[in-house]
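A note on names: the letters A, B, ... follow the listed sequences, proteins ahead of strands, and every chain is numbered from 1.
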Protein chains: 2
Amino acid sequence: MSEPDAHIPDATVARLAAYLGVLTRLSDQGVTTVSSNELAEAAGANPAQLRKDLSHLGSYGVRGVGYDVAYLLVQLDQHLGAGPDVPVIIVGVGNLGRALVNHAGFSSRGFRVVGLVDSDPALAGERVEGLPIAPESALEELIAQTGASIAVITTPGQAAQSVTDRLVASGITGILNFAPAALSVPDSVTVRKVDLGSELQILAYHHRRGPASRTAVEPITASLPPVAASQVEPSQNVSVPKP
Amino acid sequence: MSEPDAHIPDATVARLAAYLGVLTRLSDQGVTTVSSNELAEAAGANPAQLRKDLSHLGSYGVRGVGYDVAYLLVQLDQHLGAGPDVPVIIVGVGNLGRALVNHAGFSSRGFRVVGLVDSDPALAGERVEGLPIAPESALEELIAQTGASIAVITTPGQAAQSVTDRLVASGITGILNFAPAALSVPDSVTVRKVDLGSELQILAYHHRRGPASRTAVEPITASLPPVAASQVEPSQNVSVPKP
DNA sequence: CTTTGTGAAGTCGTTCACAGCG
DNA sequence: CGCTGTGAACGACTTCACAAAG
């Protein structure tokens with residue numbers, strides 16, 4: 001299975017994104033070669049799993065040596081990336097929305113926040129990190145002008161579904177949802193949900209079980225409920241066992 | 001399996017946390033009864049899965065009727081929760097850290113941010129939402145004084161591991177990690193990782209596959225790599241198919 | 001001799017479908 | 001008669017272990 005176009009499991013895609021991040025850092029550090037052992041450890045994964053994940057894309061390693069960082073980086077980018085400067089808009093400019101405008105993790109991956117929208121008229125026109133906040137009525141226009149196909153929702157839960165419907169109608173195909181609500185979208189749209197409150201709740205649960213229980217957590221891109229639709233929870237977890 | 005103490009799969013725990021959030025909202029709205037169908041839809045899950053999840057805790061429903069919202073809420077709280085006002089500290093007071101200090105999703109779940117730490121001396125003493133920023137040297141003291149057992153890391157990636165080591169040494173048992181780094185911790189500590197850059201990358205991947213491919217995303221508490229250790233990625237995703 | 005790539009086996013989680021109970 | 005609770009079937013992901021390649 002070295003052919004590129006086959007179906008790639010969701011769990012694998014999530015890990016590939018993590019590998020990409022690690023590779024970018026290694027490349028910046030001047031590292032030229034990595035073995036599956038090294039890369040897996042840096043990404044919090046299992047070496048065998050990493051090799052299998054990579055095998056979905058093709059054979060980019062050299063037996064007896066490992067992987068060329070620069071080359072693998074390019075290959076991963078071609079499979080996952082959408083080129084540099086992918087436009088993203090943020091809907092809901094509260095504390096969280098503001099914090100994400102210049103988020104380093106976004107820009108380092110080639111994403112750029114090109115638009116902000118908020119329903120509060122008092123915010124219209126205000127600038128955050130140099131970017132003006134558009135009124136909610138300008139949502140469709142903003143998407144058309146910026147060409148964004150990915151949106152981040154940081155509104156209160158009750159506003160999330162109506163915003164989502166408008167985003168979808170305007171051609172958005174990927175949504176990162178921080179609002180505490182299950183979004184309903186067509187199968188053609190992918191949703192990943194990040195529920196920070198649930199994250200702490202999960203940590204509290206493990207704590208209550210006592211320091212003795214070593215219940216593994218979910219890996220970043222562990223397993224997902226493979227459904228035809230596309231609501232995903234970003235709360236992926238990665239278990240880091242001690243091999 | 002109606003006995004409480006059995007082992008609960010990580011995937012289930014993550015969903016239970018989501019159910020808890022939905023139930024709280026329903027309760028606030030005055031809803032007194034829900035069926036597995038209704039609750040599952042609101043949480044973005046499958047009715048059968050929800051019933052199975054709940055069965056890990058016991059039989060709290062009434063056949064032919066559904067679940068009593070208030071009662072189920074209490075039961076879930078007892079299994080997941082750690083009581084009201086669970087203390088949490090945040091290490092790394094950048095944009096993201098500041099945004100999380102008064103995050104509504106935290107307080108509504110009973111968590112309260114009681115301490116802030118940053119390595120930048122220039123920030124020491126500054127207040128965020130009324131809470132003073134402590135110097136890094138006071139980390140251990142802060143944990144001892146507040147009794148926090150859960151920490152949120154929002155530092156740059158390179159600082160994450162050293163901070164983690166100190167947190168663990170001070171008795172922290174749960175870590176929510178936003179830094180782009182795989183943390184190494186003992187089995188007794190649970191780590192959940194949220195990598196926002198990877199989240200967008202995953203969305204971009206699905207976009208590239210064209211609107212035709214309805215690759216399901218990972219469910220919030222889908223499958224995890226069950227390891228003895230406890231590094232989890234919060235990037236859980238939930239697929240929301242159209243039943 | 002080292003490290004990749006991968007079929008096969010094993011494990012875990014989700015979905016089905018119905019018995020059980022109100 | 002409706003809806004829950006659950007054993008059993010199914011499917012997916014992970015881990016193993018080794019052949020192949022450099």
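The nucleotide whose nearest atom lies closest to any side-chain atom of B:A48 is, among C:dG7, C:dG13, C:dC16, C:dC16. Nearest nucleotide to the A:K52 side chain, out of D:dT6, C:dG7, C:dT4: C:dG7.
When every heavy atom of B:A45 is checked against every heavy atom of B:Y19, the shortest pair comes out as CB-OH, 3.9 Å. Across every non-hydrogen atom of A:V69 and A:L23, the tightest pair is CG1-O, 3.9 Å. Closest heavy-atom contact between B:L80 and A:R208: O-CD, 4.2 Å.
The main-chain N or O of B:L50 is never found under 3.5 Å from a side-chain atom of B:N46 such that the two would form a donor-acceptor pair.
Across the protein-nucleic acid pair, A:L57 atom CG and C:dG5 atom C1' stand 13 Å apart, rounded to whole Å. Taking atom CG of B:N46 as the reference point, atom P of D:dG5 lies 15 Å away to the nearest angstrom. One atom, NE2 of A:H56, and another, P of D:dT14, lie 9 Å apart when rounded to the nearest Å. Atom CD in A:E41 sits roughly 14 Å away from atom P in C:dT3 (whole-Å rounding). Rounded to an integer number of Å, the gap from A:Q49 CD to C:dG5 C1' is 15 Å. Going from atom CG of B:L50 over to atom P of D:dG5 covers 10 Å, rounded to whole Å. When rounded to the nearest whole Å, the span between CG of A:N37 and P of C:dT2 equals 13 Å. Rounded to a whole Å, the CD atom of A:E38 is 8 Å from the P atom of C:dT3.
The aromatic rings of B:H79 and B:Y60 are tilted relative to each other, their planes meeting at an angle between 30° and 60°.
Salt bridge status for A:D195 with B:R109: present, with a side-chain N to carboxylate O gap under 4.0 Å.
The side chain of A:S36 places an N or O atom within less than 4.0 Å of a non-bridging phosphate oxygen (OP1 or OP2) of C:dT4. Of the side-chain N and O atoms in B:R15, none sit less than 4.0 angstrom from OP1 or OP2 of C:dG13. Taking side-chain N and O atoms only, B:Y67 has a distance below 4.0 Å to OP1 or OP2 of D:dG5.
Each salt bridge (Lys or Arg N to Asp or Glu O under 4.0 Å) pair with one or both residues in residues 157-172 of chain A, not counting sequence neighbours, appears once here: A:E140-A:R166.
Comparing A:G66 and B:V62 by the nucleotide of DNA chain C that holds the closest heavy atom to each, the one mapping nearer the 5' end is A:G66. Checking A:G64 against B:G64, the closest nucleotide of DNA chain C that is more toward the 5' end is the one next to A:G64.
The end-to-end axis angle of the helix from C:dC1-D:dG22 to C:dG22-D:dC1, rounded to 10 degrees and based on five pairs per end, is 10°.
Evaluation of atom-type donor-acceptor distances gives a pair under 3.5 Å for the side chain of B:R63 against the base of D:dT4.
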